Amino acid sequence: MQAARLTEIGKDIVVQDIDRPEPGEDDLIIEQNLTGICYRDILTKEGHLPRVTIPITPGHEISGKIVATGSSVTGFRVGDRVTSLIYRPCGTCEFCTSGRENFCASKKIYGEDRNGGYARFVSIGSGSAVKVPDGVKEEDSAIAACVTGMLYRALKVIGNLAPGEKVLITGAGGGIGTHAVQIAKVLGAEVIAETSSPGKEEFLHKLGADHVIRMSDSLDKDVKKITGDGVHLVLENVGIHTFSRSLRSLRIGGRMVVVGNVIPEPVPFPLGLIILKGNSVTGSMSSTKEDVKAALELSRTGRIRAISDGRMPLDQVNEAFARIKSRGNVGRVFLTLP
Ligand SMILES: [Zn+2]
Ligand SMILES: [Zn+2]
C-alpha cells in the first residue's frame, strides 16, 4: 500500500510503497478513506517534538472500518466503524484504570512512536478504539479524538463550562477554535471569540459566536466592555500573544484552561491575578475514550460539525503542510488515501 513516510527530520515527506500492516495480538487493522492533518504533524516533521521514531508514517487522526483483528481482541469485530485515540494507552496503569488514560506514562503516540494515519490501512491497539455510531460523517469521526473530543474535555470536563456562563475562546478562527466555538455553544455558554485573522467575523457568528473580537493589545478591555466584569472561563488556545490579556479577562473566581501554545515560549504570569482574584489556570491534554464518545454523540445529533478546509490526495501531503502553514486555515485539511 501507499503510505506517506517521514524518513528524515526536516525533510519533505515521501510517499512509499510499504507492506499492509498485520494485526498484533491486541490490534485492529482499520481501513480509512481519509485522515486529518494536525499542526502537530508539521511540528513532528520539523523536529520540534523529541523522541520521534523514524522512519515512520505520521498522523494520528485515524478512523475507519475494521478489516482485521488480533487473536486476543474482544469487543470489536471486522466491519465495525471505529475512531482512534491519538495514542495507544497501556491499559493497566493508575491512569488507564481510572478513566484518565490521556496521562498514561507508557502510552505510544500514533505517528510519533508507532505508525500513524497517513495510509489507507493502519494498525491501532484495541485500547485506542471507540465505536462510531451510525450517522456520524467520516470527517467528524476523523477529528473526534484530536479536535472535538479534546475540546469537549477542555471545556466541559476540565473547564466545567455551565449554561449561561461567559467564555472567551482565543484563536477562535483556526482549526481548533472553530470547533471550540461550536462546543461552547452546545454547552449553553455565551461565546466571545477572539481571532487574529481578518475576515473571519461573519463565519464565527455563523458558528454561534455571540461576539467576535479582533486580537489587540486591549483584548481584556474589549472583553470587559462586553461582559462588564469579565468571563467565567477562558479557553486559551494561542499562548504568548494572548495569555496575560486572557488572564486579565477573567472575572473573580474565573478559570482558564490552556490547550494550545502556538509559539513554545514561556508566558508572563502575573501572580496577583490568581492570588487576589482567585482565578485558576489549568492545562488540558488530548482526550480519553469517554470524551471521544461524548464528541461523537454531538456529531451524530448534528449539534457540531467538522469544519473542513478541503481534501487533498496523499501524494500532495507536502503541499498540504505548506498550505496549512501559510494560510491560517479555518478548519481541518484532510488527506484522501489511495
Ligand atoms: Zn491532531
Ligand atoms: Zn497506562
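Nothing here was measured: the structure is a model prediction, and the numbers come from that model. In listed order, ligands and their atoms are each counted from 1.
Salt-bridge formation is detected for the pair Arg311/Glu139: a Lys NZ or Arg NE/NH1/NH2 atom is positioned less than 4.0 Å from an Asp or Glu carboxylate oxygen.
For the salt bridge (Lys or Arg N to Asp or Glu O under 4.0 Å) with Asp229, the qualifying choice from Arg251, Lys224, Lys166 is Arg251, the only one to do so.
Rounded to the nearest 10 degrees, the angle SG (Cys90) to the Zn ion (ligand 2) to SG (Cys96) equals 110°. When rounded to 10 degrees, the angle formed at the Zn ion (ligand 1) by NE2 (His60) and SG (Cys146) equals 110°.
Its N, O or S atom nearest to the Zn ion (ligand 1) is what matters here, and for Glu61 that atom is OE2.
Looking at Ile307 and Phe203, their side chains come closer than 4.5 Å, going by heavy atoms from C-beta outward.
Of the possible donor and acceptor atoms, one in the side chain of Ser72 sits under 3.5 Å from a partner among the backbone N and O of Glu25.
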